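Heavy atoms only: backbone and side chains are in, while hydrogens, waters and symmetry mates are out. Per chain, numbering begins at 1; letters A, B, ... match sequence-line order. In this text the structure is predicted, and so the values were computed from the model without any measurement.
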2 protein chains.
Amino acid sequence: MAEETVHALRGVSVTVDQGEFCSIIGPSGSGKSTLMDILGCLSRPTSGKYLLDGDDVSKLPDKRLAEVRNKKIGFVFQAYHLLARATALKNVELPLIYAGAGKRERRKMAEEALDRVGLADRMGHRSNQLSGGQKQRVAIARALVTNPSLILADEPTGNLDSRSGEEILEILETLYQQGNTLILVTHDNKVANRTNRIIQIFDGLVDSDMVNTPT
Amino acid sequence: MAEETVHALRGVSVTVDQGEFCSIIGPSGSGKSTLMDILGCLSRPTSGKYLLDGDDVSKLPDKRLAEVRNKKIGFVFQAYHLLARATALKNVELPLIYAGAGKRERRKMAEEALDRVGLADRMGHRSNQLSGGQKQRVAIARALVTNPSLILADEPTGNLDSRSGEEILEILETLYQQGNTLILVTHDNKVANRTNRIIQIFDGLVDSDMVNTPT
Ligand SMILES: Nc1ncnc2c1ncn2[C@@H]1O[C@H](COP(=O)(O)OP(=O)(O)OP(=O)(O)O)[C@@H](O)[C@H]1O
Ligand SMILES: Nc1ncnc2c1ncn2[C@@H]1O[C@H](COP(=O)(O)OP(=O)(O)OP(=O)(O)O)[C@@H](O)[C@H]1O
Ligand SMILES: [Mg+2]
Ligand SMILES: [Mg+2]
């Protein structure tokens, strides 16, 4: 087929202040993951700009950008992106290795993160020896292990039963209460209803952006 | 860590008759995908047996087993398992190529299957150029394209918004009304409530197995 340009985002302007707890909802294919990749400094917009804590991200040198991603941002990917043959523990240690944490400290922090998401008894399993929801929880633990101040979670409960999903939501609410900034993409209205602001995306545009009173 | 044996299923006895519409629910890690892999002839139980239409699957020669999988069973995997660099169309054509369908016929059937899941405008995209929910829908189209009589879907709506999820559920309900047998693993109680029988798995055992009156 001929080269076709997909306008995944067609003019999105959003400001999120420190300490906000937002959800992004919208139909499959509407541009949510594309937006999250830009917010997570994983993708550059083809036009427009992204200011993170006042810095124009496109003007930062690559090395500085990688530092920002590693220290400020925790990203839970919709497709997890774990190392299949590394253990759950190793996967969660990775961001700490990159941040230069010592061997003992990073092991301890990774174990605590896995324990917090209910995987204390699966730390030694390779990620390809885990169930779908267990992989999702390893991805969440990895995103939180460096105590980032901006948490971007793309559909963090999609493969979890309601009880495990509730446990994850409580972890995220605690992080919000501690002053961090959280943006969750979700298809689950129960999750969106627990956040303070719901941004609806439709066909690459912001369709609505409303305050929500968590129920 | 020492070699540890995980008993993913610890004694499950279930009979599903032709034409039933069942859902399997249960916590993350409880053994649902393991059970589905056995039902789909992708995995042999370490003890016990699996009779499919009266045949003991463990006694079938590999070639016959592959034929059964290709002609009788449509499987939607929890992790999709698409070929990343093949187009959506090619991915959906694969089971038809294996079944020996002619080039024109398989293209037509694959296009129809993709259209039915709302992806008519994404057929030429490679699967690594699709959103999470679009990949999920390609996996569903691929499972249904050979008109199998047994449909096994492991969390088919996990990455879909409620409207796309509803469209998929209507496709599945139609297949059930046409006399096919459907078994869906789901974490979504709204999906489970649309089936006629809900089997609950907990820690590798059947916890309950109840008739449901769809709402
Ligand atoms: N290859 C493997 N080696 C060892 N243990 C495994 C392997 N694959 C799965 N397991 C374990 O078997 C158990 C059941 O896994 P299964 O994938 O069937 O769970 P599930 O009910 O589908 O969970 P989910 O809802 O999270 O998808 C899990 O605790 C998992 O850690
Ligand atoms: N590499 C790519 N090349 C071309 N088009 C792409 C690519 N990646 C995504 N797209 C398209 O861009 C659009 C937006 O994709 P995106 O992943 O942001 O959607 P989404 O809102 O996250 O969807 P979902 O809810 O299904 O995860 C989709 O229609 C998709 O087909
Ligand atoms: Mg997405
Ligand atoms: Mg599973």
Examine whether an atom of A:S131 lies under 4.5 Å from a heavy atom of chain B, and if so say whether it belongs to the side chain, the backbone or both; otherwise answer neither. side chain

Got a sec: does the CZ of A:R107 have more than 12 other heavy atoms crowding it under 6.0 Å? no

Mind checking whether A:V6 and B:H125 have side chains closer than 4.5 Å, heavy atoms only? yes

More than 12 heavy atoms of other residues, nucleotides or ligands under 6.0 Å from CZ of A:F202: yes or no? no

One option among A:Q78, A:H187, A:R122, A:Q134 has the most heavy-atom pairs under 4.5 Å with chain B, and it is A:H187

Listed by chain and number, what are the salt bridge (Lys or Arg N to Asp or Glu O under 4.0 Å) partners of A:K49, not counting sequence neighbours? none

Top residue by heavy-atom pair count (under 4.5 Å) with chain B, among A:A8, A:G26, A:P27? A:P27

I'd like to verify something: which residue of A:G29, A:S28, A:G133, A:A79 has the highest number of heavy-atom pairs under 4.5 Å with chain B? A:S28

Any residue of residues 148-169 of chain B which, by heavy atoms, sits under 4.5 Å from chain A: B:E155, B:G158, B:N159, B:L160, B:D161, B:S164

Taking everything shown except A:R10 itself, do over 12 heavy atoms lie less than 6.0 Å from its CZ? yes

